[in-house]
Amino acid sequence: MVTWFSRRVFQAFFIVVAMSIIVFLGVFAIGDPVEMLVPPDADQIEKARAIAVLGLDQPLWKQYLTFVANAVRGDFGNSFVFDIPALQLIVQRLPATLELAVFAVLLSVVLGIPLGIYAGLYPDQIISRTIMAGSILGFSLPSFWVGLVLIMFFGVYLGWLPSNGRGDTVSVLGVEWSFLTWDGIRHMLLPALNLSLTNIAMVLRLTRAGVREALQMDYVKFARAKGLHPARIVGVHVLKNIMIPIVTVVGLDFGSTIAFSVVTENIFAWPGMGKLIIDSISVLDRPVMVAYLILVVVMFAMINLIVDVVYMLLDPRVRGRAIS
Amino acid sequence: MHMTRKIAHGRLLAAASAITLACLATATQAATLRIGTATPATSADPYFQNATPNNVLARHIFEPLVVFDEKQVLAPALAESWRMTDSLTWEFKLRPNLVFSDGSPLTSEDVVASIERAAKADSPGSVQANVKTVVSTEAPDPLTVIMKTATPDMLLPAQLTRVAIISKQFKSAPTTDFNAAKATLGAGPYILTEYVPGDRAVMKRNDKYWGPKQAWDEVILKATPDDAARTASLLAGDVDLIEGVSPTDVERLKGISDVKIVSAPSNRMVYLAPNQGVDTNSFITDKSGKPLEKNPFQDVRVRQAVSHAINREAIVDRVMDGFALPTAQWLATGRYGTAPGVAPDTYDPELSKKLLAEAGYPDGFSITAHASNNRYINDAKIIQAVAQMLSRVGIKTKAEALPWATFQPKANAGEFAIVLGAWGANTGETSVPMTATLATRDAARGRGASNYAGYSNPEFDKLLGAAQNELDPDKRNKALGKAAGFAISDKALIPLHHEVSIWAAKASMDYVPRADQYTLAIGATPSGN
């Protein structure tokens with residue numbers, strides 16, 4: 001158990017180091033951060049001063065070592081653009097993205113699993129066929145287009161929901177959350193729907209496939225023969241046995257929703273981390289890029305860890321192997 | 001849960017009063033102006049970064065000594081008059097009885113503190129560059145400021161339009177205090193109440209503003225970077241005014257009765273810079289792909305051929321949807337520092353072919369033309385149109401569009417054959433663009449910093465230098481015009497057009513568009529007022 005755990009931690013650490021080196025090299029391969037920050041009419045003297053201020057006049061290896069020395073103390077440097085600590089900038093945006101991601105994942109589970117179960121139990125009904133056809137649209141339509149369509153339909157034509165931005169927030173434990181206000185929820189609905197469409201489609205299809213497969217299994221036949229209530233058969237016996245792939249997908253989706261909800265956040269002007277990372281890449285804000293990607297690696301490692309632990313809870317066979 | 005009758009009664013009363021208050025509130029509706037901007041400000045500190053979104057925010061809450069009006073003519077703001085008392089000294093006279101938004105007096109000492117803080121601002125791209133010629137600032141009396149410069153600086157008033165005047169008590173305040181709205185005490189038309197970096201700024205009216213009374217109780221600047229989403233937010237009624245409307249959206253918006261389109265020519269000139277600074281370039285080849293031994297762009301006839309091959313009207317009409325003005329120089333002919341009597345080159349492909357033959361390229365040659373794809377309006381489309389036009393006269397052109405972050409350093413290093421550039425003449429005259437893009441590169445003296453074309457002509461440098469040393473405004477105007485005329489006839493750059501900036505607003509308000517592309521609440525008033 002312990003060796004398995006420490007092996008995972010070591011792997012994550014190695015990836016973090018590799019990631020930081022790649023970003024450092026990558027930024028300079030793309031272009032010059034200073035050119036993005038100074039006004040177009042800045043002369044060479046102004047640019048030289050800016051380069052010195054940002055520490056970019058040092059050789060690259062020296063810049064990297066300075067970065068590592070500070071990073072182990074928790075200081076990832078100041079954003080080139082905002083001049084506030086990169087970590088602080090990311091953490092400021094984290095609640096917004098977290099709310100959106102959790103809401104999106106909740107939607108995908110709450111909508112995807114029941115719809116998938118229905119489609120699996122009664123595959124020949126018209127409703128089931130419609131659900132499956134809808135799911136194809138769900139993961140083939142590009143999310144920026146769907147986002148704009150949602151804005152036009154619900155924001156402009158119907159005027160029911162706001163077209164962009166985050167709603168009013170309430171401070172809890174020093175952090176601003178918007179899901180605690182009605183205005184906040186109204187602002188969250190469209191972006192969360194946009195973000196979750198692909199996930200709903202995938203969870204739906206996985207659930208349906210799992211249900212179809214599980215219904216053929218012997219234990220389901222025995223349970224029916226025994227006279228168990230159908231709800232119990234589906235809710236306990238079938239569901240528990242099909243959850244492993246679903247949990248994997250939901251876990252991975254959660255990670256990538258948090259890390260890369262760039263398109264949705266950009267369209268809906270949602271002040272989250274996804275928008276921060278794409279803006280930082282456009283202007284080559286290296287400290288923010290490095291800090292963000294390291295955080296993302298750590299987060300994915302943690303999520304994979306949690307998913308593995310959940311496997312063990314769900315599947316006794318995995319539990320046995322881990323212990324032995 | 002059951003309530004006692006008293007509590008239930010109390011709650012009913014509270015609900016009733018809340019409803020009444022809500023009705024009253026809508027009756028005396030607070031006039032809020034919500035502006036959808038394209039890029040968020042990076043700080044509420046006016047000296048942190050000299051970038052348009054930051055300057056726009058600063059103009060709402062602070063006031064500089066002088067400002068540019070919407071036609072980019074210098075106008076008095078906190079200073080009611082200014083003059084050069086000798087070649088190295090400027091004297092500014094402040095308006096009497098100026099106050100900050102909290103009522104405290106604004107005197108020359110605040111101006112001195114502001115200039116000193118600006119000079120110490122060391123973030124990249126800070127306003128320090130705007131006050132770099134100032135060596136000392138004095139306040140001999142509360143209404144007079146004397147600034148001494150290291151060299152004669154005719155442009156100081158124009159540079160000072162970027163220097164907001166802050167209160168002297170915040171002279172050493174760090175940027176974080178400004179972002180937290182603690183140090184943002186200013187004399188502007190609005191007061192900053194909330195600033196979220198990279199997202200929005202919320203302001204309320206400053207009733208002690210020296211200028212005309214503002215119509216809006218509250219102004220919110222909200223950043224929505226995606227063009228389509230920004231237009232949608234106007235249509236949904238979530239904002240009242242948006243900037244940076246894409247020309248393709250204009251047709252659709254024109255058909256909607258409660259939206260109006262407002263546009264104005266900007267001072268941003270879009271041009272082509274043929275690389276004349278190198279003898280060979282990997283992107284200039286003969287028809288078979290072998291790099292040419294001599295750079296054809298070093299021959300003025302080839303540059304003339306390129307200029308005549310371009311149908312500027314077609315670009316304006318088809319690529320820019322009519323939202324551009326063909327141009328021959330940095331500012332419209334007649335403005336300060338422009339060459340007199342110059343018009344955009346005619347579209348004459350036959351002449352181009354003749355010139356190319358004369359220069360020794362009767363069969364033309366091959367080039368790749370580069371542009372950015374995310375910086376200027378339709379930059380990628382313009383370069384594609386240019387490539388087609390050049391190909392028609394025999395210069396087989398391939399177009400490449402790159403993100404700005406990748407394009408700019410390479411273009412500035414002279415790695416490309418011909419590039420698309422743009423320059424907004426922020427000082428309302430031509431000496432700054434000419435120094436940056438046409439003067440021979442001289443890093444020590446800060447000349448030629450954006451000289452993509454690698455242009456270096458001693459005759460031009462002499463004319464420009466003489467113009468910059470000229471202190472008499474009329475003589476300077478003529479001298480700059482002479483230098484500009486020289487560069488134009490030498491075809492150092494190939495100007496295409498001036499961008500026209502487009503705003504869209506609710507039909508219930510009027511908006512005065514600006515040549516510097518700033519979106520300011522002072523330009524917006526409810527219609528019929």
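A note on names: the letters A, B, ... follow the listed sequences, proteins ahead of strands, and every chain is numbered from 1. This structure is a prediction, so every number in the text was calculated from the model and none was measured. Because only heavy atoms are used, hydrogens play no part in the values below, and waters and symmetry mates are left out as well, while side chains stay in.
Interface summary for chain A: among B/G237, B/G198, B/G36, B/A228, the most heavy-atom pairs under 4.5 angstrom belong to B/G198. Put simply, of A/V38, A/V156, A/N266, the one with the most heavy-atom pairs under 4.5 Å next to chain B is A/V156. If you tally non-hydrogen atom pairs under 4.5 Å between each of A/L158, A/I45, A/L54 and chain B, the highest count goes to A/I45. Ranked by heavy-atom pairs under 4.5 Å with chain B, the list A/L148, A/V283, A/L89 is led by A/L148. With chain B as the partner, the residue from A/K275, A/R49, A/Q92, A/M152 showing the most heavy-atom pairs under 4.5 Å is A/R49. Counting heavy-atom pairs closer than 4.5 Å to chain A, the top-ranked of the candidates B/A229, B/G448, B/P409, B/A405 is B/A405. Between chain B and the residues A/F154, A/F82, A/F80, the most heavy-atom pairs under 4.5 angstrom are made by A/F82. Between chain B and the residues A/G165, A/S79, A/P39, the most heavy-atom pairs under 4.5 angstrom are made by A/P39.
Of the two parts of A/V53, only the side chain, counted from C-beta on, holds a non-hydrogen atom closer than 4.5 Å to a non-hydrogen atom of chain B. B/A51 does not touch chain A: none of its heavy atoms, backbone or side chain, sits under 4.5 Å away. Proximity to chain A is limited to the side chain of B/N426, based on heavy atoms less than 4.5 angstrom apart. Heavy-atom distances place the backbone of B/R447, and not its side chain, under 4.5 Å from chain A. Residue contact with chain A, scored on non-hydrogen atoms closer than 4.5 Å, is absent for B/F407. Contact of B/D199 with chain A is made through the side chain alone, with heavy-atom distances under 4.5 Å. When heavy atoms are compared at a cutoff of 4.5 Å, B/P197 approaches chain A by way of both its backbone and its side chain. Contacts between B/S126 and chain A at a heavy-atom distance below 4.5 Å involve backbone atoms as well as side-chain atoms. Contacts of B/A41 with chain A are made by backbone atoms alone, with heavy-atom separations under 4.5 Å and no side-chain atom involved. Looking at A/I267, the atoms closer than 4.5 Å to chain B (heavy atoms on both sides) sit in the backbone and in the side chain alike. Heavy atoms of B/K410 lying under 4.5 Å from chain A are absent altogether. Contacts of A/I151 with chain B are made by side-chain atoms alone, with heavy-atom separations under 4.5 Å and no backbone atom involved. Residue B/A436 does not touch chain A at all, counting heavy-atom pairs closer than 4.5 Å.
The closest donor-acceptor contact from the side chain of B/Q49 to the backbone of A/L37 lies under 3.5 Å.
The structure places CG of A/D279 at 12.0 Å from OG1 of B/T42, a figure rounded to the nearest 0.5 Å. Atom CG in A/N164 sits 10.5 Å away from atom CZ in B/R230 (nearest 0.5 Å). Atom CG of B/L235 and atom OH of A/Y157 lie 8.5 Å apart (nearest 0.5 Å). In this structure, B/N130 CG and A/D41 CG are separated by 7.5 Å, a value rounded to the nearest 0.5 Å. Rounding to the nearest 0.5 Å places CG of B/N179 at 7.0 Å from CD1 of A/I84. Expressed to the nearest 0.5 Å, how far CD of A/Q44 lies from OG of B/S450 amounts to 8.0 Å.
Between the side chains of B/D238 and A/S163, at least one donor N or O sits under 3.5 Å from an acceptor N or O.
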Point to revise | B/N412 vs A/E35, side-chain contact (heavy atoms from CB on, under 4.5 Å): CA-CA, chis, key distance, verdict | key: CA-CA 10 Å; B/N412 220 3; A/E35 294 288 353; 4.1 Å; yes
Practice item. Go through B/K132 and A/D43 one step at a time and tell me if the side-chain contact (heavy atoms from CB on, under 4.5 Å) criterion holds. Key: CA-CA 12 Å; B/K132 65 182 180 218; A/D43 58 21; 3.2 Å; yes
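Of residues 220-227 of chain B, those residues lying under 4.5 Å from chain A by any heavy-atom pair are B/K222, B/A223, B/T224, B/P225, B/D226.
The 12-atom threshold is not exceeded at CZ of A/F144, counting heavy atoms of other residues, nucleotides or ligands nearer than 6.0 Å.
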